[in-house]
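Keep in mind the model is a prediction, meaning the values are calculated, not measured. The sequence lines fix the lettering, A, B, ..., with proteins before strands; numbering per chain opens at 1. Excluded from the calculations below are hydrogen atoms, water molecules and symmetry mates; all remaining heavy atoms, backbone and side chain alike, are included.
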There are 2 protein chains.
Amino acid sequence: MNENQAFPWDHPRFRSWIGVARACQLMQQAMTRAIADLDIKTPHLDILINLYRFDGISQQELARKLLVGRSNMSMLLPQLEKRGLIERRPDGKDKRILRLSLTKSGRDLTMQAMAIQTGLIERTLSQTPEDRCLQVAEAMEDIIHILQTMEPAEEA
Amino acid sequence: MNENQAFPWDHPRFRSWIGVARACQLMQQAMTRAIADLDIKTPHLDILINLYRFDGISQQELARKLLVGRSNMSMLLPQLEKRGLIERRPDGKDKRILRLSLTKSGRDLTMQAMAIQTGLIERTLSQTPEDRCLQVAEAMEDIIHILQTMEPAEEA
DNA sequence: ACTTTATTGTTCAGCATTGAACATTTTTAT
DNA sequence: ATAAAAATGTTCAATGCTGAACAATAAAGT
């Protein structure tokens, strides 16, 4: 509190980050509504898109990409499997690993969902010129890098 | 899919937004670890900060600021009240409303938490120059505005 | 005045997420 | 070869968040 700013919200970086967090929260809520017709929520969408992109990925790798715990995948994937959207097949060499892939209907659903998702992002960022988007992306890259390297130790 | 890009992840705005979402997720996790010593989590922190800033706010107003449902506040606030961090007093004129305020120990805890939070944000955004932060903030303002005006109707 | 509508907060069932403990299998150390 | 350590997926209790239904109060319409 003996910083150059009296309160956090007077701090420029703090204010910037609050904006990022709010935008994320609102986007997530809008996305949830946008894909509700397909009877999936954003966690499922994230899974489906990553399976679309990385066919044969393991649950562990998927969890890492999504920045969630393994147990989360153990809860969600069986649901998608029961709905016939994905398949889980044991790896040939390593008997611990389950390899994931989309079924035909899973791929179909994923493409519909991606179209909706892309459309929403497109509409939402339409006011933001492409070079500004690129600047934002660069800033986020830096932030992501710092956060990932500081993960285990949180204090100086 | 008959857009200019074949896949969403080849789309510049899409990629930008993925970066924003990842950064947010990582920041939230880092923040959760950073304030774990104070025995609160990010939802509590958000509440405390808003009570610090807007003393006497109602539960409804608080929920609106945090972009969450009223029921969420009805679950979390009694916890903080039991811990002696906040007080809920009925409004004098409108008997429906509960007005919220921090107790002394609530204010103390909030100041500690804010110091940690500001420090983490400071460290994380240290690589990002202030003018770049400002550009990000502007972009987020636009995005927030669009998302808030599109809230009720999600389709064209 | 009286009825209808809206607002505020609560409760509840449902689901996502986590972290810890566990079993199985693989890898590494000795 | 054998033991120790690590990796993968599962289960479970705890918690956050939501939306719907509800009670109490206030505001608006008649």
Side-chain angles (χ1 to χ4, degrees), chain A residues 21 24-36 38-48 56-83 86-100 151-152 154, chain B residues 21 24-26 28-36 39-48 56-83 86-100 151-152 154:
Chain A
C24 262
Q25 211 175 340
L26 284 167
M27 180 70 90
Q28 173 126 2
Q29 291 172 2
M31 193 69 74
T32 301
R33 287 193 301 272
I35 61 176
L38 301 179
D39 203 29
I40 56 175
K41 297 193 181 149
T42 55
H44 309 116
L45 178 56
D46 290 338
I47 292 173
L48 293 173
I57 196 177
S58 76
Q59 292 193 188
Q60 173 83 286
E61 290 165 339
L62 180 59
R64 254 198 287 272
K65 279 186 189 299
L66 299 180
L67 304 173
V68 299
R70 286 172 307 198
S71 53
N72 193 358
M73 294 299 99
S74 280
M75 308 285 274
L76 296 183
L77 292 173
Q79 298 177 11
L80 299 176
E81 195 178 25
K82 286 193 192 82
R83 283 178 60 180
I86 69 170
E87 278 180 350
R88 300 200 289 173
R89 278 195 305 281
D91 184 276
K93 300 177 179 176
D94 191 332
K95 293 177 189 169
R96 295 170 299 184
I97 295 178
L98 289 178
R99 302 231 159 259
L100 308 168
E151 269 205 28
E154 56 258 2
Chain B
C24 260
Q25 210 175 341
L26 284 167
Q28 173 127 3
Q29 291 172 1
M31 193 70 74
T32 301
R33 287 193 302 272
I35 61 176
D39 202 30
I40 56 173
K41 296 192 182 150
T42 54
H44 310 114
L45 178 55
D46 290 338
I47 290 172
L48 292 173
I57 196 176
S58 76
Q59 293 193 189
Q60 174 82 289
E61 290 165 339
L62 180 58
R64 254 197 287 270
K65 280 186 189 303
L66 300 180
L67 304 173
V68 298
R70 283 170 301 176
S71 53
N72 192 1
M73 295 299 98
S74 280
M75 311 283 275
L76 297 182
L77 292 173
Q79 299 176 10
L80 298 176
E81 195 177 26
K82 287 192 190 83
R83 284 177 60 181
I86 70 170
E87 279 180 350
R88 301 200 288 173
R89 278 195 306 279
D91 185 275
K93 300 178 180 176
D94 191 331
K95 294 175 187 169
R96 295 170 299 182
I97 295 178
L98 289 177
R99 302 233 158 257
L100 308 168
E151 269 204 32
E154 57 257 2

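dC17(D) atom P lies 17 Å from atom CZ of R33(A), rounded to whole Å. A straight line from CG of L77(B) to P of dT8(C) spans 15 Å, rounded to a whole angstrom. Atom pair R70(B):CZ and dA24(D):P shows a separation of 16 Å (rounding to whole Å applied). L98(A) has its CG atom 5 Å from the P atom of dT10(D), to the nearest Å. The interatomic distance linking Q60(B) (CD) with dA6(C) (P) rounds to 15 Å, in whole Å. One can place CD1 of I47(A) at 8 Å from P of dT17(C), the figure rounded to the nearest angstrom. Counting to the nearest Å, the P atom of dA16(C) and the CG atom of D46(A) are 13 Å from each other. Taking atom CG on L62(B) and atom C1' on dT10(C), their separation rounds to 16 Å, with Å as the unit.
Comparing R96(B) and M73(B), the nucleotide of DNA chain C nearest to each residue sits closer to the 5' end for R96(B). Of the two residues near DNA chain D, S71(A) and D94(A), the one whose nearest nucleotide lies more 5' is D94(A). Of the two residues near DNA chain D, I97(A) and M75(A), the one whose nearest nucleotide lies more 5' is I97(A). Residues K93(A) and P43(A) each lie close to DNA chain C; by heavy-atom proximity, the contact nearer the 5' end of the strand is made by P43(A).
Within 6.0 Å of the CZ atom in R88(B), the count of heavy atoms belonging to other residues, nucleotides or ligands exceeds 12. The local environment of CD in E87(A) is crowded, with over 12 non-hydrogen atoms from other residues, nucleotides or ligands closer than 6.0 Å. The number of heavy atoms from other shown groups lying within 6.0 Å of CD (Q25(A)) is above 12.
The CD1 atom of I40(A) sits 5.0 Å away from the CG atom of L45(A) when rounded to the nearest 0.5 Å.
Neither OP1 nor OP2 of dG9(C) sits under 4.0 Å from any side-chain N or O of Q59(B). OP1 or OP2 of dA16(C) lies within a sub-4.0 Å distance of a side-chain N or O belonging to Q79(A). One finds no side-chain N or O of N72(B) lying less than 4.0 angstrom from the OP1 or OP2 phosphate oxygen of dG16(D).
The shortest non-hydrogen separation linking S74(A) to Q59(A) is OG-NE2, 3.8 Å.
Here dA16(C) is the nucleotide among dA16(C), dT10(D), dC17(D) with the atom lying nearest to any side-chain atom of H44(A). Taking the side chain of V68(B) as heavy atoms from C-beta on, and the options dA26(D), dT18(D), dT10(C), the nearest nucleotide is dT18(D).
Heavy atoms of R88(A) sit under 4.0 angstrom from primed sugar atoms or phosphate atoms, though from no base atom.
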